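Here is the naming used below: chain letters follow the sequence lines, and residue numbers restart at 1 for every chain. Note that the structure is predicted; figures quoted are calculated from it, not measured.
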Number of protein chains: 2
Amino acid sequence: MTDHSCTTPTNAQPVLCETELVAVLVCISHNTPHILTLEHGRSFPSGPLMVEHRSLQKGMRTWVEHQTGLKLGHTEQLYTFADPRHGHGHQMVRISYMAFIRQNSEHTLAAHSIYDYFPWEDRRDPDSTPLLHTIANRLRLWTSGNAQRWQRCATVFGLDGHSWNDELSLQRYELLWEAGLVAESHWQNVPLLPGLSMAHDYRRILATALSRMRAKIRYTPAVFDLLPVQFTLLQLQQAMESLAGRFMHKQNFRRLVQQQKLVSQTAEYDSPVQGRPAQLYQFAPEMAEHCYLAGAKLPLPAIS
Amino acid sequence: MTDHSCTTPTNAQPVLCETELVAVLVCISHNTPHILTLEHGRSFPSGPLMVEHRSLQKGMRTWVEHQTGLKLGHTEQLYTFADPRHGHGHQMVRISYMAFIRQNSEHTLAAHSIYDYFPWEDRRDPDSTPLLHTIANRLRLWTSGNAQRWQRCATVFGLDGHSWNDELSLQRYELLWEAGLVAESHWQNVPLLPGLSMAHDYRRILATALSRMRAKIRYTPAVFDLLPVQFTLLQLQQAMESLAGRFMHKQNFRRLVQQQKLVSQTAEYDSPVQGRPAQLYQFAPEMAEHCYLAGAKLPLPAIS
DNA sequence: CTATATATGCTCTTAATGAGTATATATAGC
DNA sequence: GCTATATATACTCATTAAGAGCATATATAG
């Protein structure tokens, strides 16, 4: 074969695509990560790619900021996928982004808790443990016999002595999808798991976003884009906890944060209804080019 | 604003895009990671998206395997980007993938060492240390005065007592790009750094791939898709070293691998020219759903 | 029996992590 | 002042992982 045959692999025509930019906008409210949605929680804000956009990321930023009036913090590309069921002669390509929005921003879009879509991912919620028992049982039925497949379930869902890894939320959703336990793939006559579903592949995108944000907040200062400019250390901890979906050890968390000098004190204090007012801090970007905010976990109830 | 205004952000027409799938094909030869290239190392194999492709990933896989005869191992999507300089009335969108190819595979494409493109990334090479001194000096000139910018350089390049983080190769390339030190952005009359350049944004894609593979081999068994089915532990170590661009501590590396039971012995042995023949091992996928292969590093020479 | 590799065993230090106990501090309301 | 309610700290301790070094087997070619 020649060099050039590789750039034109078949004799078919190149396809023109409709291209859509999809935005997963994340904010924290009521101690839980939320996403801004349309169509009663079934869809994300999205818009077509324009010629005038210099780059994809900037294109997304500008139209979201223009349309919603929101200022976007930490932004990253998630995944690009094609919709095969689109028909119409040409393909539909969706490029998805995740962006953080500072707490207390005003917006007109509806917000849903991420854990409304993935109730098993919030290990702070006592109800998640019985739910994970249910999931374990359903998966055991599904894998029946296939040891390797069960092995996969066990490591991904933290069964059989494996530990729970909060960053595996995408793999968990994919397994449930394969097992036909979620609405998007419900081909079996088994009872559905609780959890809202979405249009297209959007719930998969959301699972990707959850994985990605859990990984990101660990080793970058991205959480600070979700918090108000001034915050208490408890707020910071609870933001981390809400994203990770698990509780953390207070003293150890503070040790971590303060050793790295990630935050600096302000002169101001919180005004609580009752109790000692907490000191307000702010992010100290000088030292935080690389930061590490994990490693202060509390034990999780074992599953199965 | 209404719900729906968000899905049609401006009154302009949706743009139809040419969509291209770009493949970064990685293999190891001569103890160094290589990529398969076209156009004398300036371009990656790529092909247009076809209507008949069920998913993007499968589309990429099938045409690469069909055209090159190569079997692809671990595959992941890297990044999607638009080419603004494309003109022609419509946009050009490129979706890039990275795929691993097993050592000793036959192929007809030209292979270049990844470190031909990023000589500063191979800390095994004694020449990399003086090169990083040069880079540090150039960056110091560029940042002159701007303390925050220098701080960024220092953490990313492991200067001023910061440690070298091999996963930051993308950030390093981006900094050099911003500083006008690479061919793709050479707007200053400063001498260029050594290193091959590529067409379009391709060298940036390659830096992304390098970052991504360095991160991936750490906590997944992806390296095994680069090695022959049977390999010696030294080969495994050297594969890790070649990707990470740094040497590892032999005893500690073996401790790590064997504690996790990632590999199983075979009855066969290597046939060396001289010396004791090394035992051949193979990947043991049962236990390796989650694995950890870092943490056996040797000290690096300090920079600056 | 020597040169050349590979392959192991064992020890030691340091640092990070998870976890627990106890106590100090600041407010509101009575 | 006392109490309830929070927040904020100070220490300590055990366990484990990670980095590093020293010494010694073992198997082949020539």
Side-chain angles (χ1 to χ4, degrees), chain A residues 31 123 163-166 218-219 230-241 244 246-260 262-281 290-302, chain B residues 31 123 161 163-166 218-219 230-241 244 246-281 290-302:
Chain A
N31 247 329
R123 300 298 308 275
S163 57
W164 177 265
N165 183 343
D166 49 64
R218 209 153 280 216
Y219 56 91
Q230 297 201 341
F231 49 84
T232 70
L233 290 184
L234 190 62
Q235 265 183 292
L236 175 60
Q237 183 182 339
Q238 288 176 336
M240 292 292 294
E241 289 177 336
R246 62 184 305 167
F247 291 116
M248 296 175 134
H249 186 278
K250 189 184 206 163
Q251 294 93 317
N252 292 348
F253 180 75
R254 289 166 117 92
R255 174 173 69 188
L256 211 64
V257 171
Q258 300 194 313
Q259 267 175 3
Q260 293 176 86
L262 287 178
V263 296
S264 59
Q265 282 194 353
T266 71
E268 289 167 72
Y269 290 85
D270 199 18
S271 27
V273 189
Q274 203 179 19
R276 175 179 175 177
Q279 185 138 33
L280 290 173
Y281 289 78
H290 66 321
C291 82
Y292 181 65
L293 271 174
K297 299 169 209 165
L298 283 181
L300 284 168
Chain B
N31 246 329
R123 301 297 309 273
S163 58
W164 177 265
N165 182 344
D166 49 65
R218 209 154 280 213
Y219 57 92
Q230 298 203 337
F231 49 85
T232 71
L233 290 184
L234 189 62
Q235 264 183 293
L236 174 59
Q237 183 181 341
Q238 288 175 336
M240 292 293 293
E241 289 177 335
R246 61 185 305 167
F247 290 116
M248 296 176 134
H249 186 279
K250 189 184 205 162
Q251 293 94 317
N252 292 350
F253 180 76
R254 289 166 117 91
R255 174 172 69 188
L256 211 64
V257 171
Q258 300 194 314
Q259 266 175 4
Q260 294 177 86
K261 297 180 184 163
L262 287 177
V263 296
S264 59
Q265 282 195 352
T266 71
E268 288 165 72
Y269 289 85
D270 199 20
S271 26
V273 189
Q274 203 181 20
R276 174 180 175 177
Q279 186 138 32
L280 289 174
Y281 288 79
H290 66 322
C291 81
Y292 181 65
L293 270 173
K297 301 170 209 164
L298 284 182
L300 286 168

inquiry  = Given C:dA7, C:dA28, D:dT7, identify the nucleotide with an atom nearest to the side chain of A:A278.
reply    = D:dT7

ask   = What nucleic acid atoms does B:L233 come within less than 4.0 Å of, heavy atoms only: base, sugar-phosphate, or nothing?
value = nothing

request  = Using atom CD of B:Q258 as one end and atom C1' of C:dG9 as the other, report the distance to the nearest whole Å.
outcome  = 12 Å

task = Quick one: look up who D:dT16 pairs with, Watson-Crick or G-U, both distances under 3.5 Å, and put none if it's unpaired.
result = C:dA15

note = A:Y269 OH to C:dT25 P, in whole Å, measures 13 Å

key: Whole-Å distance separating the NZ atom of B:K250 from the C1' atom of D:dA25   = 12 Å

query = Do you know the tightest heavy-atom contact between A:L293 and A:M248?
reply = O-CE, 4.0 Å

message = Between P on C:dA19 and CZ on A:F247, what's the gap in Å once rounded to a whole number?
response = 14 Å

query = How far apart are the closest heavy atoms of B:Q237 and B:H249, and which atoms are they?
reply = NE2-C, 4.3 Å

B:L280 vs B:G275, nearer the 5' end of DNA chain C by closest nucleotide = B:G275

query = Whole Å only: how far is the CD atom of B:Q235 from the C1' atom of C:dA7?
reply = 15 Å

key: Out of D:dT7, C:dA7, D:dT9, whichever nucleotide has its closest atom nearest the side chain of A:L234   = D:dT7

query = Do B:Y292 and B:R218 come within less than 4.5 Å of each other through their side chains, counting heavy atoms only?
reply = yes

key: Summary of protein contacts for nucleotides 10-24 of chain D, nucleotide by nucleotide, where a base hit scores B, a sugar-phosphate-only hit scores S (4.0 Å, heavy atoms)   = B-------BBBBBB-

inquiry  = Could you tell me how far apart A:Q279 (CD) and C:dA26 (C1') are, to the nearest whole angstrom?
reply    = 12 Å

ask   = Nearest-Å distance, CZ (A:R246) to C1' (C:dA19)?
value = 14 Å

inquiry  = What I want to check is whether an N or O donor and acceptor connect the side chain of A:R276 with the base of D:dT7 at under 3.5 Å.
reply    = yes

Non-hydrogen side-chain atoms of B:F253 and B:L236 separated by less than 4.5 Å = yes

message = Show, in sequence, the C-alpha distance, side-chain angles and deciding distance for A:F231 and A:V263, and conclude whether the side chain to side chain contact (heavy atoms under 4.5 Å, CB included) test is met.
response = CA-CA 10 Å; A:F231 49 84; A:V263 296; 3.9 Å; yes

key: Of the listed nucleotides D:dA8, D:dA27, D:dT5, the one nearest the side chain of B:P277   = D:dA27

inquiry  = Please determine whether a side-chain nitrogen or oxygen atom of B:R254 lies at a distance below 4.0 Å from atom OP1 or OP2 of C:dA7.
reply    = yes

request  = Report the C-alpha separation of B:Q235 and B:D270 in whole Å, then their side-chain angles, then the decisive distance to 0.1 Å, and conclude whether the side chain to side chain contact (heavy atoms under 4.5 Å, CB included) test is met.
outcome  = CA-CA 11 Å; B:Q235 264 183 293; B:D270 199 20; 5.6 Å; no

message = If I compare all heavy atoms of A:T266 with all of A:Q279, which pair ends up nearest, and what's the gap?
response = O-NE2, 3.1 Å

